[in-house]
Amino acid sequence: MQEENGILKRDKWDLRFMEMAKLVGTWSSCCKENFQVGAVIVKDKRILTTGYNGASSGIKTCKERGECLRKKLGVEHGKDKQICYAVHAEQNAIIQAARLGVSVDNAVLYCTHKPCVICAKQIINSGIKLVIYDKHFDDKFTDELMSEAGVGLVKFDETEE
């Protein structure tokens, strides 16, 4: 991203990586509409890992079960995030890097959705220095933690550079 008059504007690489995050999100096994989340971790214009929201290895997905556990139990949106078979896209991308022995220190994470506070904590501890996201969720605690840790959190700008 490039700064122009105090506003961060996307460049062709940001667009490419966000498009990749959106594509990866289509692989999601979440059966809830609008929750196809994808993440791409990038360093020096190179894709390190990707992740999408889906059940852990060896665990049946919501699609395979034919129902959303959160919906079935009446869990309110944004609450009790641990009550779900899925691992978040950001978490899966970080976990994939760990499994492959790939350092994400000082990397950029492109994500289709703003990270929740649980993902924010993992992003901070992984060494990722910038998160560029597309869809916004109001989560002030995520904002606070990312700011305090010095991790950039930027809403993707669809306008041309």
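The first residue in the sequence is number 1, and the count goes up from there. Both backbone and side-chain heavy atoms feed into the values below; hydrogens, waters and symmetry mates do not.
- Looking only at side-chain heavy atoms (C-beta outward), Met20 and Ile47 come within less than 4.5 Å of each other.
- Put simply, Tyr133 and Ile124 are part of the same group of oily side chains (I, L, V, M, F, W, Y) that touch within less than 4.5 Å, one to the next.
- Aromatic ring centres of His113 and Phe137 lie closer together than 6.0 Å.
- With rounding to the nearest 0.5 Å, the separation of CZ in Phe141 from CE in Met146 is 12.5 Å.
- Leu69 and Phe35 are assigned to two separate hydrophobic clusters, defined by single-linkage of ILVMFWY side chains at heavy-atom distances under 4.5 Å.
- Under the 4.5 Å side-chain criterion, counting only non-hydrogen atoms from C-beta, Lys43 is in contact with Leu48.
- Linking ILVMFWY residues whenever their side-chain heavy atoms come closer than 4.5 Å, directly or via other members, places Ile41 and Leu153 in the same cluster.
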Quiz item: So Cys31 and Glu67, side-chain contact (heavy atoms from CB on, under 4.5 Å) or not? Walk me through it.
Solution: CA-CA 7 Å; Cys31 56; Glu67 65 184 0; 5.9 Å; no

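- Remark: the Tyr110 side chain and the Asp14 side chain contain an N/O donor-acceptor pair separated by less than 3.5 Å.
- Although no hydrogens or angles enter the test, the distance criterion places no donor-acceptor pair under 3.5 Å between the side chain of Glu148 and the main chain of Leu145.
- Residues satisfying the side-chain contact (heavy atoms from CB on, under 4.5 Å) criterion with Asn125, sequence neighbours excluded, are absent altogether.
- Under the 4.5 Å side-chain contact rule for hydrophobic residues, Val40 and Met18 share a cluster.
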Exercise. Go through the steps to decide whether Leu15 and Phe156 satisfy the test side-chain contact (heavy atoms from CB on, under 4.5 Å), and finish with yes or no.
Key: CA-CA 9 Å; Leu15 180 59; Phe156 184 65; 4.2 Å; yes

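- Dense packing is recorded around CG of Asp105, with more than 12 heavy atoms of other residues, nucleotides or ligands lying under 6.0 Å away.
- Using a 4.5 Å heavy-atom threshold, the side chains of Pro115 and Val131 count as touching.
- The backbone N or O of Thr142 lies less than 3.5 Å from a partner atom in the side chain of Asp139, making a donor-acceptor pair.
- At least one donor-acceptor pair under 3.5 Å links the side chain of Gln91 to the backbone N or O of His88.
- Taking OH of Tyr52 as the start and SG of Cys111 as the end, the distance is 14.5 Å to the nearest 0.5 Å.
- Between the side chain of Ser126 and the backbone N or O of Ile123, at least one donor-acceptor pair lies under 3.5 Å.
- Side chains of Leu109 and Ile132 form no contact here, defined as non-hydrogen atoms less than 4.5 Å apart.
- One finds the NZ atom of Lys60 at 13.5 Å from the OG atom of Ser29 (value rounded to the nearest 0.5 Å).
- In this structure, Arg70 contributes its side chain and Asp80 its backbone to a donor-acceptor pair below 3.5 Å.
- Proximity of a side-chain donor or acceptor of Ser56 to a complementary backbone N or O of Ile59 within less than 3.5 Å is not detected.
- Here the CD atom belonging to Glu19 is positioned 13.0 Å from the NZ atom belonging to Lys12, to the nearest 0.5 angstrom.
- Separating the CD1 atom in Ile118 from the CD atom in Gln82 is a distance of 6.5 Å, to the nearest 0.5 Å.
- Annotation: side chain of Leu130 is not in contact with side chain of Val151 (no heavy-atom distance under 4.5 Å).
- Between the side chain of Asp11 and the backbone N or O of Trp13 there is at least one donor-acceptor pair closer than 3.5 Å.
- Under the 3.5 Å distance criterion, with hydrogens and angles disregarded, a donor-acceptor pair is assigned to the side chains of Ser28 and Asn53.
- The backbone N or O of Ala93 lies less than 3.5 Å from a partner atom in the side chain of Thr49, making a donor-acceptor pair.
- Without hydrogens or angle criteria, Lys155 side chain to Asp134 main chain gives a donor-acceptor distance under 3.5 Å.
- For the residue pair Glu90 and Cys119, the shortest heavy atom distance occurs at OE1-SG, 3.6 Å.
- With sequence neighbours excluded, the residues satisfying salt bridge (Lys or Arg N to Asp or Glu O under 4.0 Å) with Asp143 are Lys114.
- For the pair Lys121/Val117, a side-chain contact is recorded, criterion being any heavy-atom separation below 4.5 Å from C-beta on.
- Side-chain atoms of Gln96 do not come within 3.5 Å of backbone N or O of Thr50 as any donor-acceptor pair.
- When the side chains of ILVMFWY residues are joined at heavy-atom separations under 4.5 Å, either directly or via intervening members, Ile94 and Val37 end up in two distinct hydrophobic clusters.
- When side chains are defined from C-beta on, Arg65 counts as touching Tyr85, because their heavy atoms get closer than 4.5 Å.
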